[in-house]
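Okay, so here's the structure we're looking at.
Naming: A, B, ... by sequence-line order, numbering from 1 per chain. We use all heavy atoms of the structure for the numbers below, so side chains are in, but hydrogens, waters and symmetry mates are not.
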Protein chains: 2
Amino acid sequence: MMWDMLAFGPHARDGNWISNLPSVPTLDDVARSAGVSTATVSRCLNSPERVVEHTRKRVMAAVEQLGYTPNFGARVMAAKRTFTIGAIIPTMENAIFARGLQAFQEALHARGYTLLVASSAYQPKIEEEQIRSLVARGADGLLLIGHDRDPAVYEYLRARSIPVLSAWVYLPDCDQPTVGFDNRASMRALAQKVIDFGHRSIAMISGITEGNDRAAARLAGLRDALSDNGLDPGAVPVIETPYEIENGSVAFRTLMQGDTRPSVVMCGNDVLAVGALRGAREIGLSVPDDVSITGFDDIELARIVEPQITTLHVPHREMGRRAAEALIDIVEKRNSGASIELQSSIQLRGSLRDLRV
Amino acid sequence: MMWDMLAFGPHARDGNWISNLPSVPTLDDVARSAGVSTATVSRCLNSPERVVEHTRKRVMAAVEQLGYTPNFGARVMAAKRTFTIGAIIPTMENAIFARGLQAFQEALHARGYTLLVASSAYQPKIEEEQIRSLVARGADGLLLIGHDRDPAVYEYLRARSIPVLSAWVYLPDCDQPTVGFDNRASMRALAQKVIDFGHRSIAMISGITEGNDRAAARLAGLRDALSDNGLDPGAVPVIETPYEIENGSVAFRTLMQGDTRPSVVMCGNDVLAVGALRGAREIGLSVPDDVSITGFDDIELARIVEPQITTLHVPHREMGRRAAEALIDIVEKRNSGASIELQSSIQLRGSLRDLRV
DNA sequence: CTGAAAGCGCTTACAG
DNA sequence: CTGAAAGCGCTTACAG
C-alpha cells in the first residue's frame, strides 16, 4: 500500500494553496494528471506489479504531487473490505485486557489493519449491541473475550460471513476458533499445588460466573482439584463478586468471619487477590502466616504488593498478538481457523505458605 | 437509528434458510418488499419524521422482516461520514490511558460513535503513521495526547477538514482545542508543598521530555517552584527515563549514589514513583524516613504500595469523557472548540515526610 | 409526502 | 499492459 507511505511533508503543503477549499483530489484527478485511466491508477496503488514500471512511475509522481489519498468509503464499497478488525472486551481498565489489546493492535497494525474497539462492562446485552455496532462499521473480523454467549450472536455473524475469534479461552472442540489457555486446568493445577502445600481448608473469591466462562472455569478447576484429592468440592466457601480491589477486600473479610477460617483464599484474579491482601491487613491478619492468598493473571500489581502474590502467569501479550494473526489469517482466508493453546504457569511467591515446613 | 436496534433474534434466524448464501439484503430489497422507492426507505432510516407514519410502518416491517442492515461503505460514501472517531495514545498499558480511553469510548458510544484506536509508543514517527492510517479509515475526528508535534501534522489534518482535539494538556491560547489540566502548574503546586514541608534537596525522575510536552511541563513546573523559593532550578539532579517501573528503580538508585543525597525524589508519574519505592527497598532505605517520594496521576498502584504515594490526582475518566463530548460537538459543528480545563489535586500520603515535624 | 435519478469514488472483470 | 464501463449500495437535491 504505497499510498500509506505518503509523507506529511512538502506534498501535503503544496496542495494547500492550490486547493484551500477542501477539494481533496480523487482517483480521477490523478488519472487525468498522469494521462492514464482510473483503472491504471487503481492498479498502481493496489497491485503495482501489474503495471509496467514506466507508467507506474508517472502515476506515483502524480499521486505524490497531488497529495492523493484514497477515499475510504469508496474503497470499502468497491472492495467490500475495510481492513478494520473489531474487538470487544469487558473493560480496558483491567490491565490484562489493556495489555492484550495493546499487543493485538500492534499486530494488526503490522499487517495493515486498524482496530475498532468497544467494551461491554461484562454485560451480555451491551456486548451484543457493540457487536452489531462494529459489524455496522464494517469490521472485517471480530475478537471477543470468552465464548459463552447467545447462539444467535454466532448465527448473526455467520449470516454476514464475519469471522469471529474468541480469546482468553482454549476450546479445541468449539466450531469457532479460540486463542487462549485452559482456565479450568490452570486453576486445577494451582489448587493442586495449594493442596500439596498442606492446605485443606480452602475458600474462593471468584469473579461473577454468570455469563463469564473464564470465571466459571476457574471455579470448576478448584473443585476438580478438591475432588482429585478426596476433598468435598461442595464444601468450599465461595463468594462471587465483580473484579474490583475493594470487592476483594470485602469478600475476604466476610470469609474470615465464618466459624472455620480457611487457611488459604484463592482468588479469581489478581485484582481480587490484591483486595484480599488489603482486607487481611485491615483486620490485622498476616499473610501468609495467618492466611495464604493466591491470584490469577500475574499482572504487575501482583509483584508490587507485600508479600508478592502467588498466581498463575498468563501470556497476555502473546495471546493478543496471536489472536490478531490468527484472525487476519481467517479474514484473508489463509487458514481454516484452528484453535491455539497457550500455557499458563504457576508463579510461587510469598503470599502462599507451605504448611509442611 | 432504528436499524441499530435490530435484534439478533427471530429475524436474523429466519433470514437464514432463505439465503444460506450470504446474500445480505440491500436497500433495494427493502424498497421492493415494501413497495416504495429506495429514497423513502433511506428516509425512514435517517429522518423518519419526513415519512408519513403509514408508509414508515410498512417500511420498518420490511426492514425487520429481511433483517436489513445498511451497508457501511455505501453509507459512508454517500453521507461522507463514518460516525467513527480515532484516538492515538502512547500505550494502552499505562493505566491512565486505559482509563481515559475507556471513558472516551463509553461517551462516544452514548452518542452513537465508534472508536478507532492506535498507539504510538511515544514515537512521533509512529504517531504520524497512525494518524494517516486512521484518517484513511475515515475517522470523523481525532483525539491525540498532548499537543507538541510537527506543524505539518496539523496542516495535513486541516487540509482534510478533520477536527483534532488534544487531551492531557490545557492550552488556552492554542488554535486547536484542548481538554486537560495544566501539567506545569500542577507540578509546581506539588513542588511548593514539598518545599513547604522543609525539603531543600530535591531530585527528579522525569519521563522522556523530548516530544512529550506533558513530561517537559512537569519538569518545568518543578523548576518554577524552585525559582519561586529562591532555590537554584539548575541544580536539581534530573534523570529522564521511559515510564516503566524498573526504570524508576534504577534511576532512584543512581540518584542515591550521588555525593549529596536528595531528601525527596519527585517522579514524573506514579509508575516511576512505584519503581523508586522499590529501588529504595532494594538498597535498604526507608520511605519516608530516609527519603521521600512523590508521584503524578494517582493511579491505583499509588494507594496499594506501602507507604502509599503522595501524588497529584488527575481526573482521567472525566478527561476522557469530556474530550469525547467536545470532539463530537466539533465534528457535528455544534461548537467552535473552546479548550476545557480540568483540575488536578494534591493527594498527601505516607511517602512524603514533613521535615518540620 | 414520495419518487426518479444523479452522484459519491473506487475496483474489477472483460476486452483488446 | 491498459482502458471503457459496469457496478458497489447508499443519500440527497430536485421535482412533482
Sugar-phosphate only, base, or nothing, as touched by B:V36 at under 4.0 Å among non-hydrogen atoms: sugar-phosphate
Length of the line joining A:K80:NZ and D:dG9:C1', which is rounded to integer Å: 8 Å
Nucleotide C:dT2, atom P - distance to NE2 of B:H54 in whole Å: 9 Å
Integer-rounded Å distance: D:dT2 P and A:L27 CG: 16 Å
Separation of the C1' atoms in D:dT12 and D:dG16, to the nearest angstrom: 16 Å
Point-to-point distance, once rounded to the nearest 0.5 Å, from CG of A:L134 to OG1 of B:T114: 6.0 Å
Distance below 4.0 Å between B:T40 side-chain N/O and C:dT2 OP1 or OP2: no
Closest to side chain of A:A78, choosing from C:dT11, D:dA4, D:dC10: C:dT11
Rounded distance (Å) that lies between atom P of D:dG9 and atom CG of B:N71: 6 Å
Short N-O contact, A:K125 and A:E128, less than 4.0 angstrom: yes
Proximal nucleotide (of C:dT12, C:dC1, C:dA4) relative to the A:A39 side chain: C:dT12
Opposite nucleotide pairing with C:dA4, Watson-Crick or G-U, both atom distances under 3.5 Å: none
5' priority, DNA chain C, between A:V41 and B:R43 [closest heavy atom]: B:R43
Nucleotide nearest B:T26 (side chain, heavy atoms from C-beta), chosen from C:dG3, C:dG9, D:dC10: D:dC10
Any A:S37 side-chain N or O less than 4.0 Å from OP1/OP2 of D:dT2: no
N or O in side chain of A:R50 less than 4.0 angstrom from D:dT2 OP1/OP2: no
Residues A:R111, A:E325: salt bridge by 4.0 Å N-O rule: no
Sugar-phosphate only, base, or nothing, as touched by B:S42 at under 4.0 Å among non-hydrogen atoms: base
For atom CG of B:D28 and atom C1' of D:dG7, their distance in whole Å: 13 Å
Partner nucleotide, any strand, of D:dA13 [Watson-Crick/G-U, under 3.5 Å]: none
Touch class at under 4.0 angstrom, heavy-atom based, for A:V51 against every strand present: sugar-phosphate
Proximity to the side chain of A:M77 - top-ranked nucleotide from C:dT2, C:dC10, D:dG9: D:dG9
Centroid-centroid under 6.0 Å between B:H147 and B:Y154 rings: yes
Integer-rounded Å distance: D:dG7 C1' and A:R75 CZ: 18 Å
Length of the line joining A:D29:CG and C:dG9:P, which is rounded to integer Å: 9 Å
Short side-chain N/O contact from B:T55 to OP1 or OP2 of C:dT2, under 4.0 Å: yes
Nearest-Å distance for atom pair CG/P, residues A:L45 and C:dC10: 9 Å
Under 4.0 angstrom between A:T38 side-chain N/O and C:dC10 OP1 or OP2: no
Over all atoms of both residues, closest heavy-atom pair of A:G67 and B:R160: O-NH2, 3.4 Å
B:N46 side chain near D:dT11 phosphate (N/O to OP1/OP2, under 4.0 Å): yes
side-chain contact (heavy atoms from CB on, under 4.5 Å) between A:Y156 and A:R132, intermediate numbers included: CA-CA 9 Å; A:Y156 168 90; A:R132 267 179 268 117; 3.2 Å; yes
